[in-house]
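The chains referred to below are lettered A, B, ... by the order of the sequence lines, with proteins before strands, and numbering in each begins at 1. For the numbers below, each heavy atom of this structure counts, side chains included, while hydrogens, waters and symmetry mates do not.
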Number of protein chains: 2
Amino acid sequence: MKLTHEEIAQLLLENNIKPSYQRIRIMEYLIDNRIHPTVEDIFNEVHKDVPTLSKATVYNTLHLFIDAGLLRVITIDEHETRYEIGLHDHGHFKCNSCGKIYDFDVNPECLSVPDSLNNFEISEKNVYFKGICPGC
Amino acid sequence: MKLTHEEIAQLLLENNIKPSYQRIRIMEYLIDNRIHPTVEDIFNEVHKDVPTLSKATVYNTLHLFIDAGLLRVITIDEHETRYEIGLHDHGHFKCNSCGKIYDFDVNPECLSVPDSLNNFEISEKNVYFKGICPGC
DNA sequence: ATCATTGCAAACACTTTGCATACGC
DNA sequence: GCGTATGCAAAGTGTTTGCAATGAT
């Protein structure tokens, strides 16, 4: 189910983003590599195929995607900004040893809004755990 | 129930931290101002009373407290590192408009570990919501 | 006197910005 | 040709580091 460049271009257009080559390649990377990559990760990999790519463009593009609601920032760790293309709500587990981030399904109960937030308008819910993964 | 400097010194000693004046004042600030302050907040306020205080010392001291388990980093937003002295587990709500952070009690169900994390050793659990607070 | 803590300034890493070039309709 | 996206380099921010001065026991 790998998307073609045309399909990705379509996806971008639907979100009012002009599908430049760089943007398509960055989106392609994000779709194919659901590893919660950092800017570093994205830049390094896409740069291999698109040598002229600059980091500024990566930053620009990610912000574009975020504003369009296509991309989410994962804020688990200071000093480390990661991104993932938005699916359903789910939790993240970060291994403090190897640094890998795992997805997990959260108890739906969990995301119920407590009484104390009655008059709050909630746009985003996040759950994350930290610890050591089985491999470490 | 404001703690005296002596009581704070005692608290630090119990955690194997030498109670220097700066450390006491920083801890005092953290205890008296449960507003999830940033380094900026802490530095600015404590600096008023302790003019020689340097930011490096604030950073040093916060790391000391964190290592001792007295302090927690709140990672809600990239570009913004906030701290709170550790109490029970609770959720945080951040208002995207005024930036204020509210505490709320999370559904205990929420923090139950899902099957998919069976063999994971979990040391930290976090829940945070974002949106707009009633005041905004 | 010794060892730890502090404060300053320089170094760092990550991100943003400004601007000139290049690209696409 | 015009407007936008890109790439570079410089500027900006927040945090860390090295080291000399200070403070405590």
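Aromatic ring centres of B:Phe93 and A:Phe120 lie closer together than 6.0 Å.
Taken together through direct or relayed side-chain contacts under 4.5 Å among Ile, Leu, Val, Met, Phe, Trp and Tyr, B:Leu13 and B:Ile17 form parts of separate hydrophobic clusters. B:Phe104 and B:Ile35 are members of different hydrophobic clusters when ILVMFWY side chains are connected at heavy-atom separations under 4.5 Å.
Aromatic ring orientation, B:His92 versus B:His90: perpendicular (interplanar angle above 60°, classes split at 30° and 60°).
Residues from residues 69-85 of chain B placing a heavy atom under 4.0 Å of any atom in DNA chain C, listed by number, are B:His79. Near DNA chain D, defined here as any heavy-atom distance below 4.0 Å, the residues from residues 48-62 of chain B are B:Ala56, B:Tyr59, listed numerically.
In this entry the distance linking NZ of A:Lys18 with P of D:dG3 reads 11 Å, nearest Å. Spacing between atom CG of B:Asn44 and atom C1' of D:dG14 amounts to 14 Å, rounded to whole angstrom units. Atom C1' of nucleotide D:dT22 and atom OH of B:Tyr21 are separated by 17 Å, given to the nearest angstrom.
Nearest heavy atom pair, residue A:Leu30 against residue A:Ile85, reads O-CD1, 3.6 Å. Here the closest heavy-atom approach between residue B:Cys133 and residue B:Cys98 is recorded as SG-SG, 3.8 Å.
Across all strands shown, A:His63 has heavy atoms under 4.0 Å from sugar-phosphate atoms exclusively, and none from any base. Counting non-hydrogen atoms under 4.0 angstrom, A:Gln22 reaches the backbone sugars and phosphates but no base.
A:Ile8 has its side chain out of reach of A:Arg23: every pair of non-hydrogen atoms, C-beta onward, lies at least 4.5 Å apart. Side-chain contact between B:Ile122 and B:Val113 is present, with at least one heavy-atom pair separated by less than 4.5 Å. In this structure the side chain of A:Tyr83 never reaches within 4.5 angstrom of the side chain of A:Thr38, judged on heavy atoms.
Here CG of B:Leu111 is found 6.0 Å from CG of B:Asp89. Values are rounded to the nearest 0.5 Å. Distance check, rounded to the nearest 0.5 Å: NE2 of A:His36 to CD1 of A:Ile74 gives 4.5 Å.
In summary, contact between chain B and DNA chain C, defined as any nucleotide atom under 4.0 Å from a heavy atom of the protein, begins and ends at C:dA4 to C:dT16 in the 5' to 3' direction.
Side-chain N/O atoms of B:Ser20 include none lying less than 4.0 angstrom from OP1 or OP2 on D:dG23.
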